[in-house]
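Just so you know, residue 1 is the first one in the sequence shown, and it goes up from there. Worth saying up front: this structure is predicted, and the values here are computed from it rather than measured. We count ligands from 1, going down the list as the structure has it; atoms in each ligand are counted the same way.
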Amino acid sequence: MGSLPVPNVQSLSAASHAAADVPHRYIRPDLDTHPVAASDAAVDIPIIDFGRLRDPKSHLHESSKLHLACQNWGFFQVNALIPGSAFPCAITTSVVSCSSYLQLINHNVPTQVVEKIRFDVLRFFQLPLAEKRQVAQAAGDLQGYGQLFVVSEEQKLDWADMLYLNTQPDTERAMRFWPTQPPSFSVALDNYSSELKNLAECLMEIMAKNLGLGMDVVTEKFKVGIQSIRFNYYPPCAQAHKVLGFSQHSDSDLITFVLQVNQVQGLQIKRRGEWVPVRAHHGAFIVNLGDIFEIYSNGRYKSIEHRVVVNTEMERLSIATFHSPKSDAVIGPLQEMIGGSGAKYRSVDHESFMKLFFSSKLDGKSFLDSMRCES
Ligand SMILES: O=C(O)CCC(=O)C(=O)O
Ligand SMILES: [Fe+2]
């Protein structure tokens with residue numbers, strides 16, 4: 001697997017003060033042709049209360065709201081702020097539905113766990129390049145500091161650097177890629193990883209039940225087998241409107257949680273042919289379903305196409321946490337989901353699925369399209 005070596009974008013950004021300094025491999029001439037909705041397009045955020053989801057008296061009502069939102073969009077926002085507080089206290093989740101997000105409030109992921117990883121990742125990317133390179137990707141490896149999805153010398157490149165690590169199970173951790181600076185990074189990441197795994201399993205259980213699946217399927221298919229975390233660093237760019245921080249793609253996994261580390265927006269989701277900016281609240285998790293969820297549900301819940309734009313003045317940072325089934329799982333429509341219309345996707349083993357994903361250039365949902373059965 002692995003990715004072709006490319007320049008460090010943080011250094012490029014520091015060196016390219018004028019528009020003409022941005023190398024042509026990052027410039028996308030067709031970017032203007034993709035319509036972008038006004039930045040106030042994402043309004044009316046419906047709220048799902050996680051407490052109400054767990055309360056037998058209100059569960060039915062809340063989970064049917066969640067189901068509708070998943071069916072229509074498959075995009076969530078998990079907000080860690082309570083009104084009037086300078087610090088996040090309770091995690092709230094919102095799901096983007098047809099014209100809105102949906103928020104799930106009252107979820108108790110400890111504030112300090114979120115704040116600690118946010119603080120440490122900022123400190124990591126502020127280190128001098130030589131120090132960050134202590135955990136540089138090795139040739140042929142996905143994990144470490146560098147880039148992913150670069151498969152040819154011709155393709156356009158993303159204006160970003162990243163650090164990618166396997167975090168669950170412990171046996172998948174390659175500690176040589178875990179930063180030792182700042183010194184608290186590993187503990188902060190370990191804590192964050194466990195909390196997010198629990199949160200992912202909680203939400204997936206409710207979603208699977210909403211699809212009519214029994215506890216046996218939940219245990220077999222919706223437990224987190226593999227979790228990996230990608231720290232994204234998008235430096236400012238003198239030609240921000242001509243580059244992308246992250247090419248359009250859908251995630252390959254079951255469910256992803258994105259934490260925007262600082263207050264610079266940039267994530268956009270595709271809705272009815274238009275790119276819609278996602279306004280992440282401070283301390284919010286943005287949750288989206290990945291391709292495996294779409295395949296498992298035989299297309300009832302869809303993964304969502306998204307991309308990241310960058311800023312002329314300010315850096316942007318995010319942490320994306322991916323949850324996939326166990327490595328020996330079969331990735332294909334669940335028997336219970338196939339129904340009369342037949343399987344819409346092929347079944348493959350998880351390893352082949354991941355190899356295929358990481359050896360492709362990111363291009364919208366084209367990877368998932370390659371998994372569709374001929375009709
Ligand atoms: O930076 C973001 O907001 C999104 C990152 C993302 O889509 C990813 O890491 O897969
Ligand atoms: Fe993504």
Side-chain angles (χ1 to χ4, degrees), residues 3 9-10 39 42 73-80 94 96 101 114 117-118 121-122 125 142-150 158-167 192-193 196 200 226-237 240 243-271 275-294 302-311 314-324 354 357-358 360-368:
S3 181
V9 182
Q10 198 170 357
S39 61
W73 270 83
F75 217 83
F76 304 66
Q77 184 157 299
V78 186
N79 191 344
S94 63
V96 176
Y101 300 122
V114 175
I117 193 67
R118 175 186 270 137
V121 71
L122 261 168
F125 282 107
L142 298 174
Q143 293 188 75
Y145 176 61
Q147 287 278 351
L148 289 173
F149 307 109
V150 184
D158 290 343
W159 191 259
D161 303 315
M162 62 102 230
L163 169 69
Y164 183 69
L165 299 171
N166 289 339
T167 41
Y192 185 77
S193 151
L196 276 262
I226 299 170
Q227 182 199 60
S228 53
I229 299 192
R230 179 179 162 125
F231 301 89
N232 297 302
Y233 181 85
Y234 309 96
C237 180
V243 306
L244 281 179
F246 211 136
S247 302
Q248 64 195 73
H249 68 285
S250 55
D251 296 341
S252 68
D253 61 342
L254 277 165
I255 193 166
T256 308
F257 292 70
V258 175
L259 176 72
Q260 193 172 276
V261 172
N262 59 355
Q263 286 316 291
V264 181
Q265 310 288 349
L267 178 62
Q268 299 182 336
I269 55 172
K270 197 155 199 190
R271 175 177 164 243
W275 288 106
V276 181
V278 172
R279 253 173 303 147
H281 299 271
H282 177 70
F285 287 125
I286 297 153
V287 184
N288 62 283
L289 298 183
D291 294 342
I292 298 181
F293 213 116
E294 178 166 338
K302 301 263 192 284
S303 63
I304 188 147
E305 222 174 309
H306 52 286
R307 69 177 191 179
V308 176
V309 295
V310 300
N311 196 281
M314 289 173 292
E315 64 186 6
R316 177 172 186 272
L317 289 94
S318 69
I319 304 173
T321 307
F322 305 97
H323 300 92
S324 299
M354 293 316 283
F357 178 69
F358 279 111
S360 320
K361 178 168 87 81
L362 289 178
D363 183 17
K365 290 184 75 166
S366 63
F367 171 70
L368 185 70

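With a 4.0 Å cut-off on non-hydrogen atoms, Asp251 touches ligand 1 through its side chain and not its backbone. Contacts with ligand 1 closer than 4.0 Å are made by side-chain heavy atoms of His306 only, the backbone lying farther away.
Residue-ligand proximity, Ala320 to ligand 1, at heavy-atom distances under 4.0 Å covers atoms 8 (C), 9 (O). Less than 4.0 angstrom separates some heavy atom of Arg230 from each of these atoms of ligand 1: 9 (O). When each atom of ligand 1 is checked for a heavy atom of Val308 under 4.0 Å away, the hits are 1 (O), 2 (C), 4 (C).
Closest heavy-atom contact between Leu317 and Asn262: N-OD1, 3.2 Å. Of all non-hydrogen atoms in Ala320 and Asn232, the two that sit nearest each other are CB-ND2, 4.3 Å.
Side-chain contact, Glu315 with Tyr234: no donor N or O sits under 3.5 Å from an acceptor N or O. Side-chain atoms of Arg316 and Gln260 form a donor-acceptor pair, as typed in the model, at a separation below 3.5 Å.
Partner Ser252 forms a side-chain contact (heavy atoms from CB on, under 4.5 Å) with one of Phe322, Phe357, Phe358 and no other, that one being Phe357. Residue Gln248 forms a side chain to side chain donor-acceptor pair (under 3.5 Å) with just one option from Arg307, Glu305, His306, and that option is Glu305.
Of the possible donor and acceptor atoms, none in the side chain of Asn288 sits under 3.5 Å from a partner among the backbone N and O of Ile304.
Of the listed options Tyr164, Tyr233, Phe246, Phe231, Phe246 places a heavy atom closest to atom 6 (C) of ligand 1.
The closest approach between any non-hydrogen atom of Arg316 and ligand 1 is below 4.0 Å. Not a single heavy atom of Arg307 sits less than 4.0 Å from an atom of ligand 1.
Centroid-to-centroid, the aromatic rings of His323 and Phe257 come within less than 6.0 Å.
With respect to atom 5 (C) of ligand 1, the closest heavy atom belonging to the protein is Asn232 ND2, 3.5 Å.
Excluding waters, the set of protein N, O or S atoms lying under 2.8 Å from the Fe ion (ligand 2) comprises His249 NE2, Asp251 OD1, His306 NE2.
Taking the side chain as every heavy atom from C-beta outward, Gln143 and Asn166 approach each other to under 4.5 Å.
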Inset, instruction - Check step by step if side chain to side chain donor-acceptor pair (under 3.5 Å) holds for Thr321 and Gln227. - result: CA-CA 7 Å; Thr321 307; Gln227 182 199 60; 5.5 Å; no

